[in-house]
Amino acid sequence: MQPVDQPFPGLDGRRVIVTGGTRGVGAGIARGFLRAGARVLVCARHEPADGAALPSADGRTAEFTRADVRDPEQARELIAAAANRFGGVDVVISNAGGAPPAPAATASPRLHARVIELNLIAPLHVAQGANEVMQGQPEGGSIIMIGSVSGTRPSPGTAAYGAAKAGLHHLVTSLAIEWAPKVRVNTVVPGFVATESAAAHYGDADGVAAVAATVPLGRLATPDDVAAACLFLASPRAAYVSGASLTLHGGGEPPAFLSALGLLAPSGTPGVLSEQKK
């Protein structure tokens with residue numbers, strides 16, 4: 001895959017929306033598309049606070065509009081705003097999401113509903129609006145959902161979030177069939193990602209290092225890694241890719257029983273399995 005710091009072919013002038021694109025993974029995705037020459041509109045529920053800069057790269061800056069994508073009307077207005085500013089919409093990345101940790105036994109019904117609304121229903125609202133515009137364009141368009149490995153394995157402490165992401169992965173497979181051939185729909189499925197809020201998830205620097213040590217490639221993903229996956233899926237190089245999930249987890253999470261048996265080598269050492277004790 002072409003490095004994200006190089007212009008990605010076929011995306012110059014593309015008209016792109018990134019939800020939740022003012023910080024973290026979303027900002028990294030926005031910067032990747034700006035480097036590729038795209039025009040980018042990012043949205044969030046609130047404008048960046050205290051004059052915080054919008055994503056920028058190579059002297060170009062993303063545009064901003066306020067939108068709460070959980071509201072179907074605001075989701076449609078977001079698509080309309082991009083279509084009016086840019087003359088159309090070529091790529092939509094549904095990145096807005098997340099959830100606070102909460103035990104499933106005691107979390108409130110309202111919290112569960114809001115988590116599923118943000119991580120599953122909101123991307124569907126955005127996708128419906130995008131599809132409506134893209135179906136009328138000669139070249140159609142590309143919709144990319146940002147999923148999570150939480151939707152592919154147990155997610156204790158964030159059960160509703162994991163269930164929503166699992167639903168998102170399945171949703172993509174259905175939309176890819178319904179909206180073909182004009183619109184391609186895919187999912188990027190990240191694992192651990194290092195962002196400015198990593199400490200809230202993994203603890204201090206020692207905690208981040210400990211988590212990174214469980215990854216076969218020996219580090220957490222960066223927002224640029226996620227951007228590179230999105231650039232590929234949005235590009236002409238992925239013209240025959242639809243209904244797919246591109247997993248971005250650095251090799252995955254080794255089975256726990258290997259550690260219990262003392263068979264798992266530390267990350268970064270040659271080989272995955274240590275020599276079994278005799």
Side-chain angles (χ1 to χ4, degrees), residues 15-22 24-26 29-30 40-45 65-83 88-100 109-137 140-152 155 158-190 226 229-230 233-234 238 241-247:
R15 301 158 297 187
V16 179
I17 298 172
V18 183
T19 71
T22 60
V25 170
I29 294 170
V40 180
L41 177 68
V42 298
C43 78
R45 284 182 294 164
T65 190
R66 183 178 176 277
D68 183 346
V69 291
R70 295 172 299 184
D71 181 335
E73 289 304 316
Q74 291 189 47
R76 287 189 175 275
E77 288 170 4
L78 166 66
I79 304 300
V89 178
D90 300 303
V91 182
V92 171
I93 298 101
S94 275
N95 165 76
R110 176 175 172 78
L111 175 63
H112 283 156
R114 296 293 275 180
V115 167
I116 293 171
E117 183 181 30
L118 175 60
N119 292 282
L120 177 58
I121 306 302
L124 177 56
H125 294 328
V126 173
Q128 283 181 309
N131 177 67
E132 186 175 350
V133 171
M134 292 173 175
Q135 290 292 344
Q137 298 176 163
S142 170
I143 298 171
I144 300 169
M145 310 285 196
I146 304 300
S148 170
V149 293
S150 293
T152 65
S155 187
T158 53
Y161 174 77
K165 289 299 188 182
L168 187 71
H169 301 161
H170 187 276
L171 174 66
V172 162
T173 64
S174 298
L175 299 184
I177 294 172
E178 286 196 32
W179 296 348
K182 275 295 191 72
V183 178
R184 295 187 299 110
V185 191
N186 292 290
T187 319
V188 173
V189 186
V226 183
C230 292
L233 289 174
V241 180
S242 193
S245 292
L246 177 50
T247 305

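When reading the values below, keep in mind they use all heavy atoms of this one structure, side chains included, and skip hydrogens, waters and symmetry mates. If you read the sequence from its start, that first residue is 1, and numbering goes on from there.
To the nearest 0.5 angstrom, Asp71 atom CG is 9.0 Å from Glu117 atom CD. In this structure, CG in Leu171 is found 9.0 Å from CD in Glu178, a value given to the nearest 0.5 Å. Atoms CG and CD1, on Asp90 and Ile143 in that order, are 12.0 Å from each other to the nearest 0.5 Å. Taken from CD in Gln74 to OG1 in Thr65, the straight-line distance is 9.0 Å, to the nearest 0.5 Å. Summarising the geometry, atom CD1 belonging to Ile93 is positioned 7.5 Å from atom OG belonging to Ser142; distances are rounded to the nearest 0.5 Å.
Here the shortest heavy-atom pairing between Thr158 and Ser155 reads OG1-OG, 2.5 Å. Between Thr187 and His169 the shortest heavy-atom distance is CG2-CD2, 3.6 Å.
Using a 4.5 Å heavy-atom threshold, the side chains of Lys165 and Asn119 count as touching. Taking the side chain as every heavy atom from C-beta outward, Cys230 and Ile146 approach each other to under 4.5 Å. Two residues are said to be in side-chain contact when any heavy atoms from C-beta on lie closer than 4.5 Å; Asn95 and Val25 meet this criterion.
Side-chain atoms of Asn186 come within 3.5 Å of backbone N or O of Ala244 as a donor-acceptor pair.
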Only pairs under 3.5 Å count here: list side-chain donor-acceptor contacts from residues 126-137, not counting sequence neighbours, and write none if there are none.
unit_1: Asn131; atom_1: OD1; unit_2: Gln135; atom_2: NE2; d: 2.8
unit_1: Glu132; atom_1: OE1; unit_2: Arg76; atom_2: NH1; d: 2.7
unit_1: Gln135; atom_1: NE2; unit_2: Trp179; atom_2: O; d: 3.0
unit_1: Gln137; atom_1: OE1; unit_2: Val89; atom_2: N; d: 2.9
unit_1: Gln137; atom_1: NE2; unit_2: Val89; atom_2: O; d: 2.9
unit_1: Gln137; atom_1: NE2; unit_2: Gly140; atom_2: O; d: 2.8

